[in-house]
Amino acid sequence: MSVSTQRAGSGVAATDASGPVDTPVLWIDGEFVPVGAPCLPATTHALHYGSGVFEGIRSYATDDGGTAVFRLPEHLERMQRGARMLGIDLDVAHVSEVVLRVLRRNRHRDAYIRPLAWLGVGSMGLSVAALSRHLMVATMTPGLHLDGANIQLGVSGWRRNPATSLPPLKLCGGYVNSLLAKREVAARGFEEALFVDAAGRVVECTGANVFMVQDGRIVAVEHPDALAGITRETLLQLTGARSRAVMLDELLDADEVFVCGTAAEVAPVARLEDRDYAAGKVGREVASLYRRVVRGNEPGCRHWLTHA
Ligand code: PMP
């Protein structure tokens with residue numbers, strides 16, 4: 001079964017906009033089911049091998065009373081690239097429609113949106129042809145990753161998955177690498193891990209890209225093993241920052257460091273190992289510009305919003 005041919009579901013969008021529903025649902029293979037309902041066989045391939053691909057997307061309540069998803073096509077196109085690697089045929093227009101339906105059904109406005117496509121059952125082997133294909137979309141209230149500002153970063157001893165071994169896409173199994181790094185630095189009291197390669201070049205965090213400010217100039221950290229973040233690309237367009245390779249020493253010398261991602265938005269770094277950064281003016285300005293953009297308050301950027 002191709003995920004592009006599944007039914008779009010039978011739920012009726014709620015019209016009463018009085019806040020999220022009491023029992024939120026998620027959409028799975030054409031049906032709305034309560035979040036948390038047991039619905040997967042324990043032999044699911046993705047559970048054993050990480051053979052799935054997901055996205056992290058956000059929607060925002062806009063000041064005109066609406067709800068808008070930020071850069072939905074870009075997120076789903078990245079998901080489609082990951083899905084192709086796994087032999088999953090993902091129809092962007094279909095998933096986009098499902099995302100909007102789940103948001104409306106749950107009456108979520110400020111939300112974190114999680115679509116996931118995965119390989120199901122049919123074999124325990126590593127050839128994927130015979131396996132069932134699945135898709136789910138969940139929405140939830142945000143606050144998952146680096147919620148709040150002033151992040152404390154620890155340098156991980158783990159290396160980021162090299163792009164020559166695993167493409168920097170949102171493939172489920174790849175996130176074990178992030179989880180190990182996060183656990184490792186958490187044991188030293190840090191809330192987020194920074195990956196650095198064997199040559200001392202900065203890669204990214206476990207779920208966010210890195211920027212620095214030096215002498216008032218904004219630099220986006222570039223590395224082939226890092227995810228091509230949609231927030232990073234948004235900030236490059238908004239600020240005209242330069243994208244280039246950055247060594248850890250340079251980051252430690254920078255005036256300001258901030259990280260960015262869909263869940264993290266733009267979050268200033270207060271500390272990197274034992275280096276403290278003063279409260280950053282540039283990072284704060286970029287964070288506030290980003291907040292205006294995602295909520296539709298920057299007229300030149302409204303083409304990035306998909307209205308739910
Ligand atoms: N790097 C990694 C490893 C991530 O998981 C994320 C979150 N998707 C990011 C960077 C930031 O990407 P985006 O801005 O597209 O959310």
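Everything quoted here is computed from the prediction, not taken from an experiment. Excluded from the calculations below are hydrogen atoms, water molecules and symmetry mates; all remaining heavy atoms, backbone and side chain alike, are included. Atoms within a ligand are numbered from 1 in the order they appear, just like the ligands themselves.
- Counting only heavy atoms of the protein, atom 16 (O) of ligand 1 lies nearest to T262 OG1, 2.6 Å.
- In terms of protein heavy-atom proximity, atom 8 (N) of ligand 1 is nearest to K170 NZ, 2.6 Å.
- Among all protein heavy atoms, the one lying closest to atom 14 (O) of ligand 1 is T231 OG1, 2.6 Å.
- Judged by distance alone, with hydrogens and angles left aside, the side-chain atoms of S127 form no donor-acceptor pair with the main-chain N or O of A129 at under 3.5 Å.
- For a threshold of 3.5 Å applied to N or O pairs, the pair formed by R78 and ligand 1 contains at least one separation below that value.
- A salt bridge links R58 to E265: one of the charged nitrogens lies within less than 4.0 Å of a carboxylate oxygen.
- Counting protein heavy atoms only, atom 5 (O) of ligand 1 is closest to Y175 OH, 2.5 Å.
- The shortest heavy-atom distance from E55 to ligand 1 is not under 4.0 Å.
- Using a 4.0 Å cut-off to heavy atoms of N209, the atoms of ligand 1 that qualify are 10 (C), 11 (C).
- The N/O atoms of G261, backbone and side chain alike, include none that comes under 3.5 Å of an N/O atom in ligand 1.
- For ligand 1, none of its N or O atoms has an N or O atom of R160 under 3.5 Å away.
- Among all non-hydrogen protein atoms, the one lying nearest atom 1 (N) of ligand 1 is E204 OE1, 2.6 Å.
- Ionic pairing of R78 and E233 is not present here: no N-O contact between side-chain nitrogen and carboxylate oxygen is shorter than 4.0 angstrom.
- The backbone N or O of G19 lies less than 3.5 Å from a partner atom in the side chain of R107, making a donor-acceptor pair.
- R159 contributes a side-chain N or O that, together with a main-chain N or O of V196, makes up a donor-acceptor pair within less than 3.5 Å.
- A salt bridge links E192 with K182: the distance from a Lys NZ or Arg NE/NH1/NH2 to an Asp or Glu carboxylate oxygen falls below 4.0 Å.
- Under the 4.0 angstrom criterion for non-hydrogen atoms, T234 is not in contact with ligand 1.
- Close contacts between ligand 1 and G229 involve ligand atoms 12 (O), 13 (P), 14 (O), 15 (O) [criterion: under 4.0 Å to a heavy atom].
- Of the heavy atoms in A208, only backbone atoms (N, CA, C, O) come closer than 4.0 Å to ligand 1.
- Side chain of H48 to main chain of A42: a donor-acceptor pair is present (N/O by atom type, distance under 3.5 Å, no hydrogens or angles).
- Checked against the 6.0 Å centroid criterion, the rings of F258 and Y277 do not qualify as a close aromatic pair.
- The environment of R275 atom CZ is dense: over 12 non-hydrogen atoms of other residues, nucleotides or ligands sit within 6.0 angstrom.
- The shortest heavy-atom distance from G56 to ligand 1 is not under 4.0 Å.
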